Amino acid sequence: NAGVTQTPKFQVLKTGQSMTLQCAQDMNHNSMYWYRQDPGMGLRLIYYSASEGTTDKGEVPNGYNVSRLNKREFSLRLESAAPSQTSVYFCASRDRIYEQYFGPGTRLTVT
Amino acid sequence: QKEVEQNSGPLSVPEGAIASLNCTYSDQGSQSFFWYRQYSGKSPELIMFIYSNGDKEDGRFTAQLNKASQYVSLLIRDSQPSDSATYLCAVSSGGSYIPTFGRGTSLIVHP
């Protein structure tokens, strides 16, 4: 099992550019999450999907959109990137009981 | 706004000592409590979870929960340099499992 995979690992964007971060899990989990992590700020929830076909906003959704493409895949889109979106982005999935499994992260820099 | 507070540290302990990491939370309805370990440049991984008041032990790790004081802690016995990492406390309430993360405590174990 690969667990949770994310692409790309690194990305540099210019202000106003758009991009999609991809996430996939092969553990047959229903719930998936997108977080951002900034220095000294911990993990903040952007969006989550409790099951295929549903998505909900988290703590910091502004400037982002998500798509739960199927049970395996959950993508995060930045329509018009801003320097404030420079961060490390983690995707996670959750098993039936409690544990969240995190992907390796995407380091995004917006100049 | 649900809040989870942790001392950012760094907490420095000598090898072989007990490291004590603390976390307080604001939501009295919180039911599930988690400790994640995050090495520099890596993704978080779950090391302990606790639901009931009291202590829960797993190897060198002990989680302690006091719901009346809204306080959860993690003790690491016989600390090793490989335990040097940031430890994130996460708290969730209800059945939807949307955890709120603290900002993390940096632990340094020196030989």
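Reminder, nothing fancy here: chain letters follow the sequence lines and each chain counts from 1. What you are looking at is a predicted structure, and each value in this text was computed from that prediction instead of being measured.
A continuous path of ILVMFWY side-chain contacts below 4.5 Å connects A/L76 to A/M19, so both sit in one hydrophobic cluster. Taking hydrophobic clusters as Ile, Leu, Val, Met, Phe, Trp and Tyr residues chained together by side-chain heavy-atom distances below 4.5 Å, B/F34 does not share a cluster with B/L65. Hydrophobic clustering of Ile, Leu, Val, Met, Phe, Trp and Tyr side chains at less than 4.5 Å, counting indirect connections, keeps B/L21 apart from B/L88. Both B/L107 and B/F61 are assigned to one and the same hydrophobic cluster, defined by single-linkage of ILVMFWY side chains at heavy-atom distances under 4.5 Å. A/F102 and A/Y33 end up in the same hydrophobic cluster when Ile, Leu, Val, Met, Phe, Trp and Tyr side chains are linked at under 4.5 Å.
With a 4.5 angstrom heavy-atom cutoff, A/R44 does not touch chain B via any of its atoms. Using a 4.5 Å cut-off between heavy atoms, A/E59 touches chain B through its side chain atoms alone. Proximity to chain B (any heavy atom under 4.5 Å) is shown, for A/L43, by both the backbone and the side chain.
Rounded to the nearest 0.5 Å, atoms CG (B/L46) and OH (A/Y101) are 8.0 Å apart. A distance of 8.0 Å separates CD in A/Q6 from OG in B/S43, rounded to the nearest 0.5 Å.
Residues B/K42 and A/F90 approach most closely at O-CZ, 3.8 Å, considering heavy atoms.
Ranked by non-hydrogen atom pairs under 4.5 Å with chain A, the options B/E45, B/R103, B/Q38 are led by B/R103. Annotation: maximal heavy-atom pairing with chain A below 4.5 Å, among B/G104, B/A90, B/P44, occurs at B/P44.
The shortest distance between side-chain heavy atoms of A/L45 and B/F101 does not fall below 4.5 Å. Residues B/P99 and A/Y35 meet the side-chain proximity criterion, which asks for heavy atoms closer than 4.5 Å. Between A/E99 and B/F49 there is no side-chain heavy-atom pair separated by less than 4.5 Å.
The environment of CZ in A/R107 is sparse: at most 12 heavy-atom neighbours from other residues, nucleotides or ligands sit within 6.0 Å.
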